[in-house]
Trainee: 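The structure is given below, and queries will be raised subsequently.
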Amino acid sequence: MQRPEQNILGRFVSNLLRKKNPDEFLEQSAAGGLKKTLNAFDLIILGISAIIGAGIFVMIGSAVIGTTERVGAGPALVISIGLVAIACIFPALCYAEFASMIPVSGSAYIYTYATMGELAAWMMGWVLMLEYAIGTIAVASSWTGYLLKLFQGFPWLPEVVKNPPEWLINDYQTAVEAGANIPHFMGLPICFNLPAMFIIIVIAMILLKGIQESANFAKIMVFVKITVIALFIGVGAMYVRPENWTPFAPFGVKGILMGAFAIFYAYIGFDAISTAAEETKEPQKNLPIGLIGSLVICSSIYCLVTIVLTGMMPMGQIDLKAPIAVAMSFVGQDWFAGAISIGALAGLTSVLLVLQYGTTRILYAMARDGFLPPVMKKIHPKFNTPWVITILSTILILIGSLFINMQVAAELAIFGTFTSFVIVCVGILLLRKTEPDRPRPFKVPCCPWFPIIGIVFCSGLMFVALREVKTSAFLFPLWLVLGVVIYFMYGYHSNRKIEAMKLQKLENDKIMSMVEKMTK
């Protein structure tokens with residue numbers, strides 16, 4: 001006979017490993033109330049919105065020349081982009097298989113719940129929050145930089161608008177490093193990135209209105225930034241000098257790998273396409289098209305921009321903050337700087353839209369499963385959007401923007417993305433074993449090899465980077481520990497209450513059924 005403590009421990013472990021059948025998610029989705037309005041073209045636009053943004057307008061500079069903590073790839077960044085595309089294509093195929101089987105909001109969180117159990121699902125949701133919410137802070141900071149560059153092109157604007165105080169355009173740490181004279185109120189420093197906070201609030205208002213309205217807004221932003229990038233490639237190609245590509249890989253293999261890590265930031269959020277599954281028409285067909293199509297298109301654009309940028313000017317003169325705009329000025333095309341700023345703002349705005357959208361849908365899925373308070377899963381009666389979670393997540397992002405440095409935020413978001421990609425690849429391998437007969441409208445080809453290659457590539461890049469970026473390498477495990485603490489303090493007990501309510505409802509239904517039979 002088992003001792004009571006053994007029974008308690010067994011139930012505890014069983015709860016941690018408890019999986020949800022994919023059919024349960026589909027039933028929840030059917031009763032959820034989110035409108036299905038997106039098609040394959042909308043999803044490709046959503047993917048381009050996520051990928052073409054901060055990476056191409058900001059991070060490509062540091063990926064080429066490096067930073068104080070890591071070396072760059074030099075002109076060999078084009079190889080780094082190829083590595084990143086390979087690292088992404090295999091997880092993208094896995095996302096496509098999952099999304100075609102379980103077309104509901106929640107992305108990798110849902111897929112982990114179906115394959116690895118409750119605790120792993122919570123941790124996956126916690127990591128996705130890091131990827132999307134913290135990534136939003138990094139992108140919003142870049143948005144501020146390009147807005148100020150645009151303002152500086154208008155001589156009639158007041159000087160305070162073109163060059164505002166550091167404490168109004170930076171987080172506290174960055175302002176201190178810049179030597180800003182930060183004002184205080186009752187002993188507390190007053191320091192916030194006002195433009196970044198403004199655009200975060202505007203995006204939240206668009207998301208509250210509805211997903212179709214958000215998709216229409218994204219189409220406009222994508223058109224603007226693609227036009228600007230096409231102009232840069234077309235005009236810049238005339239100034240390419242092959243000698244600028246020598247040395248091709250100044251820091252060798254290490255530089256290529258660290259360049260891949262840096263440019264991976266550009267791909268953060270492309271998996272947010274899968275969070276739109278519940279709002280997609282014919283998701284079994286359209287989601288794989290959206291995922292793979294956007295990845296191929298954007299990788300091709302990144303390669304062309306890299307070739308042109310590194311060929312236009314010597315590596316040592318490439319700018320870290322605005323590489324494309326500075327490159328055009330270097331060849332005497334100053335007129336293009338304003339257009340670059342407009343394209344960058346459009347690109348960064350569309351990325352913010354996708355990242356904030358992903359944040360709300362992940363949290364909505366977690367609230368629906370009982371990991372978060374029930375109020376967070378409320379749907380707006382008019383707009384059919386999760387309005388409570390949209391407002392609360394926006395407030396949390398605004399608070400985080402006061403303290404988190406842009407570079408650290410970007411690196412944390414990259415680690416979150418790597419982790420989610422690895423888990424999704426593992427999940428496909430597990431579900432192929434546990435439910436081999438489940439209908440799969442889209443199947444990862446060459447399984448198990450493609451998922452295994454995805455795991456190897458993403459894990460390898462992550463571990464190489466962990467040795468180089470000290471601050472984020474410390475904060476990422478700390479974030480995971482915090483997630484475990486919150487789960488055991490709230491999520492675990494909340495889920496048990498929901499389970500008890502479901503069991504009680506089943507018992508009541510049985511009793512009512514028996515009463516009806518007896519009365520007949």
Side-chain angles (χ1 to χ4, degrees), residues 39-61 78 81 139-140 142-154 199 202-203 206 212-240 263 265-267 269-270 273 290 293-313 318-319 321-355 357:
N39 56 32
F41 181 71
D42 292 326
L43 294 175
I44 290 175
I45 292 296
L46 202 61
I48 296 174
S49 298
I51 300 172
I52 303 293
I56 205 164
F57 290 110
V58 182
M59 294 299 288
I60 197 170
V78 68
I81 292 170
V139 175
S142 300
W143 192 91
T144 296
Y146 269 101
L147 180 68
L148 295 177
K149 288 184 183 298
L150 181 63
F151 284 168
Q152 288 164 7
F154 299 103
I199 190 60
V202 170
I203 295 297
I206 294 171
Q212 188 58 53
E213 288 76 6
S214 303
N216 291 335
F217 176 76
K219 288 174 186 175
I220 298 171
M221 297 295 100
V222 166
F223 175 78
V224 172
K225 66 183 176 182
I226 292 298
T227 300
V228 170
I229 291 169
L231 283 171
F232 169 75
I233 294 171
V235 175
M238 296 186 293
Y239 296 93
V240 168
I263 207 65
Y265 178 68
Y267 291 82
F270 100 88
I273 298 171
S294 60
L295 189 60
V296 171
I297 291 170
C298 294
S299 296
S300 302
I301 291 173
Y302 268 106
C303 285
L304 289 173
V305 170
T306 299
I307 291 168
V308 172
L309 175 65
T310 55
M312 287 175 66
M313 59 195 304
I318 292 175
D319 188 67
K321 294 183 178 178
I324 294 178
V326 171
M328 295 308 292
S329 297
F330 181 80
V331 296
Q333 299 293 331
D334 294 303
W335 64 273
F336 204 61
I340 290 292
S341 296
I342 293 171
L345 285 172
L348 297 173
T349 302
S350 66
V351 174
L352 285 170
L353 177 71
V354 175
L355 291 178
Y357 172 80

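Being a predicted model, the structure only gives us computed values, none of them experimental.
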Trainee: How far apart are the closest heavy atoms of M328 and V235, and which atoms are they?
Mentor: CE-CG1, 3.5 Å
Trainee: Could you report the tightest heavy-atom contact between I44 and S294, atom names first, then the distance?
Mentor: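 Looking at all heavy atoms of both residues, the closest pair is O-CB, 3.8 Å.
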Trainee: Measuring from atom CD1 of I297 to atom CD1 of I48, what distance do you get when rounded to the nearest 0.5 angstrom?
Mentor: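 Here the interatomic distance stands at 4.5 Å.
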Trainee: What I'd like to find out is whether the side chain of I199 reaches to under 4.5 Å of the side chain of L147, using heavy atoms alone.
Mentor: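 No - every pair of side-chain heavy atoms lies 4.5 Å or more apart.
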Trainee: Working to the nearest 0.5 Å, report the span between CG of N39 and CG of D42.
Mentor: 4.0 Å
Trainee: State which residues pass side chain to side chain donor-acceptor pair (under 3.5 Å) with T310; sequence neighbours excluded, sorted by chain then number.
Mentor: W245
Trainee: With I233, which of L304, V228, I307, L309 fulfils side-chain contact (heavy atoms from CB on, under 4.5 Å)?
Mentor: L304
Trainee: Which pair of non-hydrogen atoms, one from P323 and one from G61, has the smallest distance, and what is that distance?
Mentor: CG-N, 3.8 Å
Trainee: With a 4.5 Å cut-off on side-chain heavy atoms, are F330 and M312 touching?
Mentor: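 The answer is no, as the side chains (C-beta and beyond) never meet within the 4.5 Å cut-off.
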Trainee: Could you tell me the separation between the OG1 atom of T306 and the CD1 atom of I60, rounded to the nearest 0.5 Å?
Mentor: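 Between T306 OG1 and I60 CD1, I get 3.5 Å after rounding to 0.5 Å.
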Trainee: So, for W143 and T349, which heavy atoms are closest and what is the spacing to 0.1 Å?
Mentor: NE1-OG1, 2.9 Å
Trainee: Distance check, rounded to the nearest 0.5 Å: I226 atom CD1 versus L231 atom CG?
Mentor: 11.5 Å
Trainee: Could you report the tightest heavy-atom contact between C303 and I81, atom names first, then the distance?
Mentor: SG-CG2, 3.7 Å
